[in-house]
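Working notes, structure below.
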Amino acid sequence: MIPLADARRKALGICPPPRAARIPVTDALGCVLAEPATAAVAVPPFANSAMDGYALRAADAPGTLEVVGRVLAGSTARPEVGPGQAVRIMTGAPVPPGADAVCMVELTKPDGDRRVHIEAAVAPGDNIRPAGDDVPPGGTVVDAGTLIGATQLAALLSAGVAEVTAYLRPRLGVLSTGDELVDAGQPLGPAQIYDSNRPMLMALAGEAGCVAVDLGRAPDEEVALTARIEGALAGIDVMVLSGGVSVGDVDLVKVVLDRLGGGTAEWLQIAIRPAKPFSCAVLRDPAGRAVPAFGLPGNPVSSAVSFELLVRPAVLGMAGQQVTGRPRVQATAAGDLRRRPDGRLHFARVRLERGGPTGWRAVPLRGQGSHQIGSLAGAHGLALVPDGDGVAEGGAVEVLVTDLSVLGLPSGEG
Ligand code: AMP
Ligand code: MG
């Protein structure tokens with residue numbers, strides 16, 4: 001058995017560096033910027049009103065002013081504001097020439113159709129958003145290394161950025177293997193189970209910055225499995241396979257990866273539980289491009305944990321993401337996390353609650369078998385239970401947080 005850190009190094013080691021390209025900004029959602037994006041236009045592009053009110057000369061307020069025009073958002077009217085004059089203005093409308101401030105409408109009173117009474121003093125610049133006060137022209141809107149989400153997209157669009165240099169999201173193909181598998185929606189025959197790993201791994205791939213590609217299912221048969229793998233390589237950047245990496249009679253994934261990998265394949269026994277067996281190899285598409293492939297065990301929890309611990313950091317790196325780890329919290333075991341010594345680091349599914357001396361309590365979930373995906377679905381994280389006899393209730397335990405929604409839990413003992 002090899003330590004987890006060594007296995008992770010191998011997984012990272014077979015992945016190519018992130019690939020940057022010039023892409024339309026609207027395609028960049030979920031991508032990491034490879035170069036800073038600079039503003040094509042100032043934001044805002046022109047001085048405009050922050051309020052509905054009256055544009056005026058600050059020196060004239062308070063007082064009664066002559067209303068000489070009106071500007072709406074989007075309007076190109078440029079009525080000049082002279083001494084003793086005001087222009088009715090709406091939020092976002094360009095400040096008319098001559099005005100140096102805006103008085104909000106709530107502090108004014110109309111006086112007939114052509115006059116307004118300004119009730120408060122106004123300072124120059126009040127309620128005016130100067131051109132470029134958010135982003136100056138040519139200024140950096142979003143830095144290199146930033147993951148583009150909704151708000152970054154908005155900032156880029158507001159600055160007139162049409163294209164960005166971003167790392168392309170790796171296309172991650174998922175192939176499940178197993179004669180017993182049936183797709184969702186089909187009736188189960190004798191000895192059959194639903195293929196839950198393929199959709200799960202595709203979803204995990206999407207969460208890890210990849211574009212998931214469904215490669216379907218392959219039978220436990222060498223020729224067909226080989227053909228499925230080879231046929232998929234041209235359309236993907238990385239492959240994840242589920243099943244067939246253990247020591248069963250038809251565990252052929254490790255065999256086929258070994259043959260296709262031309263000496264690069266590894267079949268590892270990792271000193272962890274679940275997810276001990278793992279295989280990986282560098283395959284080549286017909287053009288000779290390297291495509292890393294990862295063979296994950298078929299037991300659903302093992303599959304998920306392998307992805308979490310080994311594949312996720314590797315593909316986040318391929319996507320150019322800088323943070324490839326998960327937060328960890330120190331918790332108090334709210335129940336026994338007993339185990340037997342076996343030379344392996346155990347990952348126990350736990351729910352997290354606020355409380356205890358460190359601020360977190362880890363509640364062990366029932367059903368810790370590697371086939372029991374139900375308990376993983378209810379887990380907030382994986383408690384690291386080191387080799388030995390485990391951690392008794394009340395003991396200290398470190399938890400890898402996989403569900404960040406726990407950060408929204410109310411804090412304190414309450
Ligand atoms: P394997 O790793 O192929 O030996 O499979 C180990 C266990 O995981 C067996 O009980 C399989 O039936 C189950 N399994 C394999 N592939 C899947 C899958 N795609 N979805 C759900 N369970 C699976
Ligand atoms: Mg199998």
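We count ligands from 1, going down the list as the structure has it; atoms in each ligand are counted the same way.
Counting heavy atoms from C-beta on, the side chains of R349 and L382 come closer than 4.5 Å. Between Q269 and P277 the shortest side-chain heavy-atom distance falls below 4.5 Å.
Side-chain N/O atoms of R339 and H346 include a donor and acceptor closer than 3.5 Å.
For atom 7 (C) of ligand 1, the nearest non-hydrogen atom of the protein is N299 OD1, 3.4 Å. Among all non-hydrogen protein atoms, the one lying nearest atom 23 (C) of ligand 1 is G298 O, 3.3 Å. For atom 18 (C) of ligand 1, the closest heavy atom belonging to the protein is N197 ND2, 3.3 Å.
Those atoms of ligand 1 that come under 4.0 Å of a heavy atom in G243, given as number and element, are 2 (O), 3 (O). Shown in contact with I193 at under 4.0 Å from a heavy atom are these atoms of ligand 1, numbered in order with element: 12 (O), 21 (C), 22 (N), 23 (C). Listed by atom number, the atoms of ligand 1 under 4.0 Å from D251 heavy atoms are 3 (O), 4 (O). Within ligand 1, the atoms closer than 4.0 Å to a non-hydrogen atom of D195 are 18 (C), 19 (N), 20 (N), numbered from 1 in the order shown. Ligand-side atoms of ligand 1 in range of Y194: 20 (N), 21 (C), range being under 4.0 angstrom from any heavy atom. Close contacts of ligand 1 with S242, meaning ligand atoms under 4.0 Å from a residue heavy atom, involve 16 (N), 19 (N). Using a 4.0 Å cut-off to heavy atoms of S196, the atoms of ligand 1 that qualify are 20 (N), 21 (C).
Put simply, the side chain of S75 never gets that close to the backbone of V71: no donor and acceptor are under 3.5 Å apart. In this structure a side-chain-to-backbone donor-acceptor pair under 3.5 Å is missing from D100 to P124. Checked by atom type and distance alone, the side chain of R88 never pairs as donor or acceptor with a backbone atom of R70 at under 3.5 Å.
Around CZ of R340, the count of heavy atoms belonging to other residues, nucleotides or ligands within 6.0 Å does not exceed 12.
At a 3.5 angstrom cut-off on N or O pairs, E180 counts as close to ligand 1.
Only the side chain of L181 comes within contact range of ligand 1, with a heavy atom under 4.0 Å; no backbone atom does.
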Problem - side-chain hydrogen bond (donor to acceptor under 3.5 Å, both in side chains) between S176 and N197, worked out - result: CA-CA 7 Å; S176 57; N197 285 351; over 6 Å; no
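At least one cation-pi condition fails for R273 and F347: the charged atom is not both under 6.0 angstrom from the six-membered ring centre and inside a 45 degree cone around its axis.
Ranked by closest heavy atom to atom 1 (P) of ligand 1, the top entry among G244, S246, G295 is G244.
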